[in-house]
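Contents: one structure, followed by commentary.
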Number of protein chains: 2
Amino acid sequence: MTQRHASATIIDVAREAGVSKSAAARVLARSGSASPQTKQKVLEAAERLGYRPNQLAKAMKSGLTHTLGVVLPDVANPFFSAVLRGFTDAARSAGFEVLVSNTDNDPEIESSSIELLAEKRVDGIAIAPVLQRDPQAIARIAAEGIPVVLLDRRLPTLAALPLVSADHADATAQAVRALIDNGHTRIALLTEATQSLDELRAIAEGPDDAYFALLRPSAQRVIGYLRALAAAEIPADEHLLLRSAYSVDDAQRAVEAFLDSGVTATALHSTDAALTSGAYRALTARDIAVPQDLAFIGFDDQDWTTLVRPAVSVIDQPRQRLGATAATTLIGAIRGHAPSAHDHLLNASLLMRDSVGSITQA
Amino acid sequence: MTQRHASATIIDVAREAGVSKSAAARVLARSGSASPQTKQKVLEAAERLGYRPNQLAKAMKSGLTHTLGVVLPDVANPFFSAVLRGFTDAARSAGFEVLVSNTDNDPEIESSSIELLAEKRVDGIAIAPVLQRDPQAIARIAAEGIPVVLLDRRLPTLAALPLVSADHADATAQAVRALIDNGHTRIALLTEATQSLDELRAIAEGPDDAYFALLRPSAQRVIGYLRALAAAEIPADEHLLLRSAYSVDDAQRAVEAFLDSGVTATALHSTDAALTSGAYRALTARDIAVPQDLAFIGFDDQDWTTLVRPAVSVIDQPRQRLGATAATTLIGAIRGHAPSAHDHLLNASLLMRDSVGSITQA
DNA sequence: ATGAAAGCGCTAACAC
DNA sequence: GTGTTAGCGCTTTCAT
C-alpha cells in the first residue's frame, strides 16, 4: 500500500545522513546520546528532507495520542462554543489537540461519537452528556479506564465521574438575592424544570446533598431560587414559577401568558440563555417598561444584553473557564494515571446593568 | 512499553476464537472470505472481548486517518462557530472526524497548528488564514500534496488554492441595491477596508477579476457597494465611506463621529458583524430613529438583530453551508486523489426586517 | 477458506 | 556512541 502523502520518514533521514535508523531516532527525539557530528548530520538531513515526525507511529508505540475528545450538544451554541474555546486553549498549551463532536442531544449520535473517539484512541474525553437513563457508551469507556469528565451536567447513573460545571444553584441564588436586596419580594422565575414546587422544596430544604447533586442544571437553579427566598423568609409561590420548554418561542409564550394572567410580580429571572431571549421578546411584545414595571435578570452574558436598552443584567457563567477546567482535569488524570477525583463547581457572577430597579418601601 | 488502556486487539480476538490473526482480521474488516463458522466464532469473540478496532493502526497501514483539520481564528466567534458546525456535520456524515485549532489571527500559532495537524496526518485541512504576506506553513503542506481549502478569505500568494467563501461583493451589493430600491441615494458604508476610494473605484471598474479575487473580504464588499452605486448611476462619495478598525468600539466611534459630522446620509450599511454591533450602539447612543432618520442594514444574522426594535435587516452569509462546502470539497479532493480545483462562492441573502424605510420621492 | 509473514514509522532494549 | 532487533495493531499479498 502506497502512503498517501509520502513525507520523509526517519529511515529516509538516517539514510540521507548516513547513520542508522536508531541514531537518527535518538537525535530527532532528543533522547539517548549521540556525537556532535552525528547530531549535526541528522539534523541537516532532516531539514533538507523536510522531515516531519509521524505522530501516528509515535502514538502506536507510546499508547498516547496527545489528543482529547470533546462531545457537545452543539458547537454553534454560544455557551458551548465558549466552552470549546476554553477547552482547546488549555489543551493546546499542554500539548494536546482536540477532536470535536456534536450530538444535538441525540443519544445515538452521542454514543457513536464516543465510540469513534475511543477508536481513534484519544487520551481522554470531555462530555456534556445527553440526559438519559442509560448512557452505556460513557459508562463503558469510563469502565475501561479512559479518563472522562462530565461537563455542565451530571447523569444519575454516572455519579462517580468528575463533573465540571457552574454552581447552578448559587448562580440563580445570586440573581434572586440581588433582586431581594433591591426590595423585590414577588419574584417570578422562568424555568424548564418540570418537578413540582413541593418536590423541589423538599430537596431545597432537605439535607440530602447527594440527591441534589444528581439533579439537572435547570432544577438545581430552581433550588437556588427557593433557598434564596427561604433565607429571606419570603414564601415561594407556585404562581411565580413559570414553566417553559427549552426554546425561545416557548419561553416567550410562557412569559406572555404570565403577563396576561394578572398575577403580580415585580421581578423576573430567567434561568437559561434561550429562556432569557424568549422572556425578553415577551417583555418587548407586551411593552413592559424595564425596570420600572418589572425588574429583569437574564442568564448568560449574550452579546445582545448590552445592545438593548436598558442593558440587561445577567448571571454570567465562566464559560471558557469551564472548558479550560475540563481540559486540565482530563490532562491531570492522563498524566497522573489516576482517575481525576472530584468535581469542580465554578462560580457564576452577576453582571449588574440597567434592568433592575429598587423598590421603594411603601 | 505497556499500552495505556489495553483494549482487546485483533490477536486477542483471534486467540479467543481459535483462529488465525488474518482470519479474524478478514471477518472484522468484512474483506476477503471466511466460512460462516469462522465468521460467527470471530464475531462472538469480538463481542465478548469488547473488541474495538484501533484506528491508529489502520491509519498506519492505509495512510488515511479519516480525520480533517480545521484552523480558524476563533471558534467562539459566532461566524466561525457556525462554520465549524457545518464543517463537522459534513465531515461526520462522510465518516471523518475533525480536529480544531484557534489561531487568534496569530501567524505563529497558525503555522504551528498546521504543522501539528500534518504530524497527526490529517487527510486534509481547511483554513481561514491569517492575512499575511508569507504563509509558509500553508504553502508547504499544499506543496506536499495535502488537500487544503481556504475558508472565507484568500491569500495573494496562495492564489492556486481553492477557496470557499461567501460572494462578498454580491452580499454588499444586495444590501445597497435594496436601499436604492427604497429610494436611498445617500448611502453610508461602514468598512474596515483601508484602500482609498480611488483605488477601490479603479478595481470596481476595471476588468481585472484576477486582482479583485485577491482582495480581502472587507475590500471586496466595498467593491460590491461601488458597483451597485454605479449600476444605479449614483456617484460614490468619499465622505460616505466610514472607516473603522475591526472592533465594536472603534466602529461605534466611527459612526458616532460620522453622525456628529453633519454629513448627510439617509442609509447606513455595515459590512461585518462586529462593525454592525458597533454601528448599532452608535445609533442608540445618538438616539437616531431607525428607519425614519436613517435606514440601517447590518451584516450576519446575529441573535440580537431580531431582539431589538426595530428588528435589524441584515445580510446573512450561509455560515453552516460554508463550513459544509469546505468539508465536502476537501473530502472530494481526498477521495479523488486530485487537488480540488475551483472556488466555491456561496450567495449571501438579504433578510429584510424593519430597519429600512422607503424614501418618498420629493 | 485459511494461515504465515511482511511492513506502515517509530521507540527502546540490548548488544557491540 | 552506535547499530540491530523486536514490536505497537492492523492489512494484505502469498502460499497452502
Side-chain angles (χ1 to χ4, degrees), chain A residues 1-43 45-46 49-66 118-123 144, chain B residues 1-43 45-46 49-66 118-123 144:
Chain A
M1 163 101 346
T2 321
Q3 294 306 298
R4 210 57 204 324
H5 310 291
S7 123
T9 74
I10 217 166
I11 298 198
D12 299 324
V13 173
R15 188 182 316 122
E16 172 85 8
V19 299
S20 77
K21 190 173 57 162
S22 37
R26 274 190 293 262
V27 352
L28 259 14
R30 300 161 179 61
S31 74
S33 45
S35 72
Q37 305 94 300
T38 306
K39 206 171 284 185
Q40 179 175 355
K41 280 191 295 184
V42 170
L43 258 15
L49 266 35
Y51 170 73
R52 179 152 47 211
N54 184 332
Q55 301 296 350
L56 255 35
K58 285 199 166 150
M60 284 228 38
K61 276 253 75 168
S62 69
L64 244 32
T65 54
H66 291 283
E119 291 186 358
K120 294 239 157 112
R121 297 308 195 251
V122 294
D123 297 330
E144 288 175 3
Chain B
M1 163 101 347
T2 321
Q3 295 306 297
R4 208 59 201 324
H5 309 291
S7 119
T9 75
I10 218 166
I11 299 199
D12 299 325
V13 173
R15 187 182 317 121
E16 172 85 7
V19 300
S20 76
K21 187 172 62 158
S22 33
R26 275 191 292 264
V27 351
L28 257 14
R30 302 162 178 61
S31 73
S33 44
S35 71
Q37 304 94 300
T38 305
K39 206 171 285 186
Q40 178 174 359
K41 279 191 295 182
V42 171
L43 259 15
L49 265 36
Y51 170 74
R52 177 152 49 210
N54 183 333
Q55 301 295 351
L56 254 36
K58 284 199 165 146
M60 284 226 40
K61 275 254 78 166
S62 68
L64 246 31
T65 53
H66 290 284
E119 291 186 357
K120 295 237 157 115
R121 296 310 195 253
V122 294
D123 296 330
E144 288 175 3

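Letters A, B, ... are given to chains in the order of the sequence lines, protein chains preceding strands, and every chain is numbered from 1.
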Quick one: [X] [atom1] to [N] [atom2], roughly how many Å, whole number?
X     : N      : atom1 : atom2 : value
B/Y51 : D/dC10 : OH    : C1'   : 7 Å
B/R26 : D/dC14 : CZ    : P     : 14 Å
A/I10 : C/dG7  : CD1   : P     : 18 Å
B/H66 : D/dC10 : NE2   : P     : 15 Å
A/K41 : D/dG3  : NZ    : C1'   : 13 Å
A/K21 : C/dG9  : NZ    : C1'   : 8 Å
B/R52 : D/dC8  : CZ    : P     : 19 Å
A/I11 : C/dG7  : CD1   : P     : 10 Å

* To do: Select from A/K39 and B/A29 the residue whose nearest nucleotide in DNA chain D is closer to the 5' end of that strand.
  => A/K39
Within less than 4.0 Å of OP1 or OP2 of [N], is there a side-chain N or O belonging to [X]?
X     : N      : answer
B/T9  : D/dG9  : no
A/K58 : C/dT11 : yes
B/S35 : C/dT2  : yes
B/S33 : C/dT2  : no

* Asked: Are any non-hydrogen side-chain atoms of A/K120 and A/T65 less than 4.5 angstrom apart?
  -> no
* base_contact_polar (D/dT4 base, A/S22 side chain, donor-acceptor, <3.5 Å) -> yes
* Asked: So, does the side chain of B/R121 form a donor-acceptor pair with the base of C/dG9 at under 3.5 Å?
  -> no
* Which nucleotide sits closest to the side chain of B/M60: C/dT2, D/dG9, D/dG3? -> D/dG9
